[in-house]
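Given the structure is predicted, the values throughout are model-derived calculations rather than measurements. Lettering of chains follows the sequences in order, A, B, ..., and the numbering in each one begins at 1. In what follows, every heavy atom counts, from backbone to side chain, and hydrogens, waters and symmetry copies are set aside.
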Amino acid sequence: MNERNYKIQKIDDYRWRILREGKMHVDGIVYADESMMKEIQKDESLQQVINVACLPGIVGHSLGMPDIHWGYGFPIGGVAAFDMEDGVVSPGGVGYDINCGVRLLKTGLCRVEISGKLESIVDSLFVNIPSGVGSHRKDLKLSQHEVKNVLKNGAQWAVSHGYGSKEDLEHIEEKGCIFGADPELVSTRAIERGLAQLGTLGSGNHFVEVGYVSEIFDEKIARTLGLEKDGITIMIHTGSRGLGYQVCDDFIKVMIRASGKYNIELPDRQLCCAPINSPEGRDYFAAMACAANYAFANRQMITHWVRESFERALHVSPKESRISLVYDACHNIAKFEDHLVNGQKKRLCVHRKGATRAFPPNHPDTPAAYKAVGQPVFIPGDMGRCSYVLVGTEKAYSDTFGSTCHGAGRVMSRNQATKVAKGRSIAQELKEKGILVRADSRATLEEELSDAYKDVTKVVDVVQHAGISKKVAQLKPLCVIKG
DNA sequence: ATGTGC
């Protein structure tokens with residue numbers, strides 16, 4: 001069962017090469033330190049890196065980030081770019097939660113100003129933002145027609161309906177709207193699942209977390225991002241909810257047929273895909289863009305209710321709380337982007353699944369305010385430890401199609417974590433560490449146990465040392481709401 | 001991740 005046929009070559013302290021052999025078109029490259037590499041080999045994720053390397057039209061390398069772990073077909077923490085002419089697009093390379101992502105808000109508040117008020121903040125957030133499996137909003141049920149407008153316009157829809165400001169849009173990847181979304185390619189079932197879920201958190205590892213800047217590694221960049229020591233931040237991690245799940249599920253069926261139709265040899269059925277320039281490939285992309293836009297709108301709506309929750313809990317005006325968006329980045333998505341391949345500029349379809357775009361300073365897609373420092377990247381850890389703010393680099397652009405990691409990465413399955421948490425009160429343990437948590441389900445809290453994750457500091461150190469991101473600040477949690 | 005199996 002655990003027989004390994006592949007050969008791994010150490011490139012340097014933070015990179016490992018899986019040599020091309022058999023049906024692989026390219027080498028695999030994994031970013032990890034020595035001890036992580038041992039952990040990584042315990043699951044099937046490296047075999048998945050190899051499987052991805054066998055897909056038609058893949059260019060460069062099949063990449064694994066240090067938070068890599070087993071996923072549906074493609075590994076989570078994987079990056080794969082395909083040639084527009086002979087390459088493929090695959091729902092498994094994006095993931096079930098299309099445009100799952102992280103946004104970071106900063107505030108005009110500092111730690112001492114809210115100490116003693118954390119209970120009311122966390123309660124207010126928990127009341128205002130529905131959380132948990134199947135969570136929906138009682139105060140906002142859209143018509144099918146209106147959902148289609150969300151799918152076309154993303155966060156722009158939210159802003160034009162009074163949820164946030166135009167300035168927010170400048171600080172979202174793609175300005176909160178992926179081009180090419182066609183709602184007619186999203187099934188009625190998917191749209192129905194989306195009617196009442198806009199502005200809800202969901203379950204699993206999704207959260208809204210209030211924290212503070214605990215350490216700054218680069219003063220100048222932190223200042224540009226508007227972060228200072230002890231400043232209060234809010235991190236939002238969620239995606240496209242049931243609508244995105246349904247889009248993925250619908251298109252996996254389409255892609256299984258398409259893989260046969262186009263004679264694509266699949267090492268694993270879960271890698272089902274279609275040529276980028278086929279009807280199935282174009283349809284998937286247009287539907288995926290819809291789900292991505294729904295997720296952008298979702299995080300934008302949640303931002304609105306975060307602002308409102310702070311105002312209510314602290315009895316402050318928006319001018320006093322000064323909650324603004326630092327940035328919003330996707331970590332489950334496929335994008336058409338220009339990259340240098342063998343010295344030539346080429347348009348590629350880049351799949352990032354559990355991987356974050358990390359574009360360098362001066363890139364056209366890096367927001368104007370951050371041109372000098374690079375695109376912000378947020379790496380949430382687990383509930384008990386910390387998170388990181390990074391920026392993208394030239395090296396990421398040249399080595400990883402402008403990509404980096406997305407989180408700590410699991411070391412325990414959900415089942416394992418539940419067993420380890422048996423007989424313990426995770427909420428109480430966190431409270432003793434000074435972290436208040438409100439969760440819809442006790443089971444989710446157990447699955448999200450701190451020890452179920454790698455130490456995010458080690459993950460971030462790998463991408464920092466490998467040069468594919470630059471550390472800017474560390475954030476520590478104060479209170480968190482979970483699904 | 002997911003109206004947590006059709």
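One interatomic measurement links the two molecules: CG of A:Asp250 to P of B:dT2, which rounds to 16 Å at whole-angstrom precision. Regarding A:Glu447, its CD atom lies at a distance of 12 Å from the C1' atom of B:dT2, rounded to whole Å. Atom CG of A:Asp440 and atom C1' of B:dT2 are 14 Å apart (whole Å). Following rounding to the nearest Å, A:Asn298 (CG) and B:dT2 (C1') show an atom-to-atom distance of 14 Å. When the P atom of B:dG5 is taken as reference, atom OH of A:Tyr96 falls 13 Å away, rounded to whole Å. If you take OH of A:Tyr245 and P of B:dT4, they are 8 Å apart, rounded to a whole angstrom. In this structure, A:Gln246 places its CD atom 12 Å from P of B:dT4, rounding to the nearest Å. A:Ile252 has its CD1 atom 16 Å from the C1' atom of B:dC6, to the nearest Å.
Residue-level contact check: A:His136 touches neither bases nor backbone, having no heavy atom under 4.0 Å from any strand. If you check every strand for non-hydrogen atoms under 4.0 Å, A:Ser240 touches nothing. No engagement by A:Glu192 is indicated, since no non-hydrogen atom pair under 4.0 Å with the nucleic acid exists.
Because its NZ or CZ atom is both nearer than 6.0 Å to the ring centre of A:Phe359 and within 45° of the ring axis, A:Arg357 counts as a cation-pi partner of that residue. Cation-pi geometry between A:Arg137 and A:Trp305 is satisfied (NZ or CZ under 6.0 Å from the ring centre, within 45° of the ring normal). A cation-pi arrangement is not found for A:Arg438 relative to A:Phe126, the charged atom failing to lie both closer than 6.0 Å to the ring centre and inside a 45° cone about the ring normal.
The phosphate of B:dT2 (OP1 or OP2) has a side-chain N or O of A:Arg241 nearer than 4.0 angstrom.
Atom CD of A:Glu265 is surrounded by 12 or fewer heavy atoms from other residues, nucleotides or ligands within 6.0 Å.
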